[in-house]
Amino acid sequence: MSQLPTETQNAPAAALTSHAMLVPWGLFARRIGLVEALEGVPIPQRQREYTPQTKLIEFLVSILAGCAYLKDISHGPHPLDQDLAAARAWGQEGWADYSGVSRTLKACTEETVTAMKEALEEVSRPFIEREVMLALRDRGVLVYDGDLTGRPVSNTSTTYPGVAFGWMSDAVQLGYQAALVSMHSPSYGRLWLSVEQHPGDTVSSSQAEALVRAAEARTGARPWRRTDLLRERIAQHKAVLQEAEAKQTRAQARLEQARGRLAQVEKERQRWAQEVAALSTLYRARNRPERPYSRLAQARRKLAVRERRICRRQKEMERARRWLERCRRKVAGFEAELETLEQRLAQFIEDNRTNPWPIRAIFRLDGGFASGPNLALLIEMGYEVYSKATNGQVVKAWRRRVTPTTTWTRVGKNAEMVAWEGERIANCPYPLDVALERFQTGDEKRYGVLLHYGPEPVTTDLRSWFTFYNGRQIIEAGIKEGKNVFQMHRLKVRSPAGLAIQEEFAAFAANFVRWAAAWLHETCPDAPAPFDTARPSVKQMVRVAANTSAWVIWQPQGCLLRFTELSTFAGVELEIQDCVAFQLALPLFKSCVFAPI
């Protein structure tokens, strides 16, 4: 172990930490009110040596430290629960054993999760509002990305609540799906806005609206709803409904006609059956033989004709009944859809009435979300949409549009595109820009279809379209960061509340590290690399800087962080003046204050 530097050996306020970055992060967390907010979260558990809220904060700190397992808090290479310097930075007297953290997470309830989410949202709000303002100021548009990612567990596990088998990591596995939405941030590159855990069999197409609503709730901004388009769609839908109702009326008449014809044949069959019975009795009484052209034989033939006719009439009536049933189902479906559209219109009218500052916004989604109804909804909500069709039949349909004279435009090293504007896809009433992608991978060619709705003339600049859509790799990188840096590929708890808390904390941690880096850069403007930038590598900050040793020399207005010679940052000093004011750019017509610790 390193010896305390000579000049600080007599300083009683000095301490050694094995988690250097957790110290400035703790100071930052207290400055922005995070610690105070989490200390107010209700947890129905008795206090022993440490409060339940301390253990909740400890769980967040363990995620910031990149702990792969909950037991790493106590049994990892550098046990967090032994690091009193980090605890002091976070305003705690100490940390509990990992088993105590586990029991606290198990004791958390739905009320705890709700309060925790509200606390994180309150702390995050000024940062997100600032980025919204900067994005609108610099680019005039907000860019959102949405995705669904799997959280697999063991396929034989029986202790995870609410799991289901679904498609994860290119295989069918047991686990959960996390629905995530992020926004492009001018200052930080990416900010997570929302995360919601679902059973593993949840599919992307069912989550598009939820992602949009979550983004709007977190940013407090939304575009102008396209009620004009929706009104036109409703008028067209009413015409289709009227036609379906007319067809249902014809189907009902056809069934009544078939029923009447069957009844008539039944009546005739009954009359000829009675005639056959009477003649048979007469012939037996007179001992007369039944000849081929006798009255009895003719009556039997007429009866047989009616019986065969009954079979045909029954089939006719069954066909008419099935047709009527199909018409009724269609009418019921159209009526339900019309009711939904009318309710949507009423909601959108109210949204516009209460939206004095409509914005321009873009949503980028992968092909799993690109169903016709989802695209129509996003368009009506006012968004510009960039998406991709993954249905193989759609790709084949657009490939048939290509002829030997088609001109392909190179948009990447191994990618080409050809595009059409004003095209239609199934179940979407609005015209879209459609592009067919072609990728050369060795001797094989692969194809894809891009979709776009919005005012940008993307068909005239295919390279920009290709580049912008593939910019959604930023959310895929964020998902990878969450799994590999904040260890979300391992679920550390098995209670419903604990699982929800882990999802929320991991997304918040990714934002928090970026916010803290900008604050540290402002607080320590003369800091050497890699602390001399407002956007350092999150992976390096968590895996390396948050797991290396340093001396912490506490000062009246902050601390001096001096990395030991055993650290990869040996010789680096960070003097953190916690009295330095930290002021975010204020959003329009709003104010926020971060009180000093």
Side-chain angles (χ1 to χ4, degrees), residues 201-213 225-266 309-352 365 367-383 385 387 389-394 397 422-432 434 451 453:
D201 56 358
T202 303
V203 294
S204 300
S205 59
S206 66
Q207 297 302 310
E209 182 176 4
L211 292 180
V212 176
R213 298 288 185 187
R225 307 304 193 202
R226 296 187 175 103
T227 53
D228 54 339
L229 294 182
L230 188 51
R231 284 192 176 94
E232 292 177 8
R233 183 180 176 188
I234 289 174
Q236 294 170 359
H237 198 80
K238 287 180 177 178
V240 172
L241 176 59
Q242 289 177 352
E243 182 179 344
E245 289 173 337
K247 187 178 290 187
Q248 177 181 323
T249 301
R250 293 195 299 270
Q252 182 68 49
R254 178 177 170 181
L255 178 61
E256 293 300 328
Q257 183 182 20
R259 185 178 288 119
R261 295 176 67 181
L262 176 61
Q264 179 63 30
V265 175
E266 284 278 8
R309 192 172 293 170
I310 283 176
C311 290
R312 293 197 299 271
R313 295 293 183 265
Q314 287 174 337
K315 291 179 181 179
E316 288 176 2
M317 192 176 77
E318 180 61 21
R319 287 195 295 270
R321 187 193 64 77
R322 289 199 299 266
W323 185 37
L324 177 60
E325 186 61 30
R326 289 195 299 269
C327 291
R328 284 175 174 169
R329 286 197 298 268
K330 285 185 178 180
V331 168
F334 287 143
E335 288 176 341
E337 188 175 354
L338 179 61
E339 182 179 1
T340 298
L341 294 177
E342 289 178 336
Q343 291 175 352
R344 183 182 299 174
L345 177 60
Q347 179 62 55
F348 286 179
I349 291 173
E350 179 63 18
D351 287 348
N352 286 345
L365 298 161
F369 298 89
S371 67
N374 280 343
L375 293 174
L377 174 61
L378 294 180
I379 290 169
E380 290 161 0
M381 292 184 77
Y383 287 88
V385 183
S387 191
T390 55
N391 188 306
Q393 296 303 316
V394 174
E423 298 290 341
R424 304 276 180 168
I425 68 168
N427 301 316
C428 180
Y430 305 114
L432 303 172
V434 179
L451 305 172
Y453 182 92

Salt bridge check, Glu243 against Lys330: does any charged N sit closer than 4.0 Å to a carboxylate O?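 No, no charged N to carboxylate O under 4.0 Å.
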
- Should the pair Arg322-Glu318 be classified as a salt bridge under the 4.0 Å nitrogen-to-oxygen rule?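 So Arg322 pairs with Glu318 through a salt bridge.
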
On a heavy-atom basis, which atom in [X] and which in [Y] lie closest, and how many Å separate them?
X: Tyr383; Y: Tyr453; result: O-CD2, 4.3 Å
X: Ala376; Y: Cys428; result: N-SG, 4.1 Å
X: Arg254; Y: Ala320; result: CG-CB, 4.1 Å

Report yes if the side chains of [X] and [Y] come closer than 4.5 Å at any heavy-atom pair, otherwise no.
X: Phe334; Y: Lys238; answer: no
X: Leu230; Y: Phe348; answer: yes
X: Asn427; Y: Ser371; answer: no
X: Leu211; Y: Leu365; answer: yes
X: Met381; Y: Asp351; answer: no
X: Leu451; Y: Val385; answer: no

Verdict with supporting geometry, Leu262 and Glu266, side-chain contact (heavy atoms from CB on, under 4.5 Å) = CA-CA 6 Å; Leu262 176 61; Glu266 284 278 8; 4.3 Å; yes

Q.
Between Ile425 and Leu375, does the side-chain contact (heavy atoms from CB on, under 4.5 Å) criterion hold? Intermediate values first, please.
A. CA-CA 10 Å; Ile425 68 168; Leu375 293 174; 3.4 Å; yes

* List the steps, then state whether side chain to side chain donor-acceptor pair (under 3.5 Å) holds for Gln248 with Gln252. => CA-CA 6 Å; Gln248 177 181 323; Gln252 182 68 49; 5.9 Å; no

Open item on the list: Among Leu341, Leu229, Thr227, which residue satisfies the side chain to side chain contact (heavy atoms under 4.5 Å, CB included) criterion with Ile234?
Closed with: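 Of Leu341, Leu229, Thr227, side chain to side chain contact (heavy atoms under 4.5 Å, CB included) with Ile234 is met by Leu341 alone.
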
Let me confirm one number: the [atom1]-[atom2] distance from [X] to [Y], rounded to the nearest 0.5 Å.
X: Arg309; Y: Arg261; atom1: CZ; atom2: CZ; result: 9.5 Å
X: Leu255; Y: Arg319; atom1: CG; atom2: CZ; result: 12.5 Å
X: Arg326; Y: Arg321; atom1: CZ; atom2: CZ; result: 10.0 Å
X: Asn374; Y: Ile379; atom1: CG; atom2: CD1; result: 11.0 Å

Given the rule in the side-chain contact (heavy atoms from CB on, under 4.5 Å) test, do Glu245 and Glu335 qualify, once you have shown the distances and angles that lead to the verdict? CA-CA 10 Å; Glu245 289 173 337; Glu335 288 176 341; 3.8 Å; yes

- Message: Using the rule salt bridge (charged side-chain N to carboxylate O under 4.0 Å, His left out), only one of Arg225, Arg233, Arg226 pairs with Glu380; which is it?
- Response: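 For Glu380, the salt bridge (charged side-chain N to carboxylate O under 4.0 Å, His left out) check succeeds only for Arg233.
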
Requested in this report: Could you go through the side-chain contact (heavy atoms from CB on, under 4.5 Å) check for Arg231 and Ile349 one step at a time?
Outcome: CA-CA 11 Å; Arg231 284 192 176 94; Ile349 291 173; 3.5 Å; yes

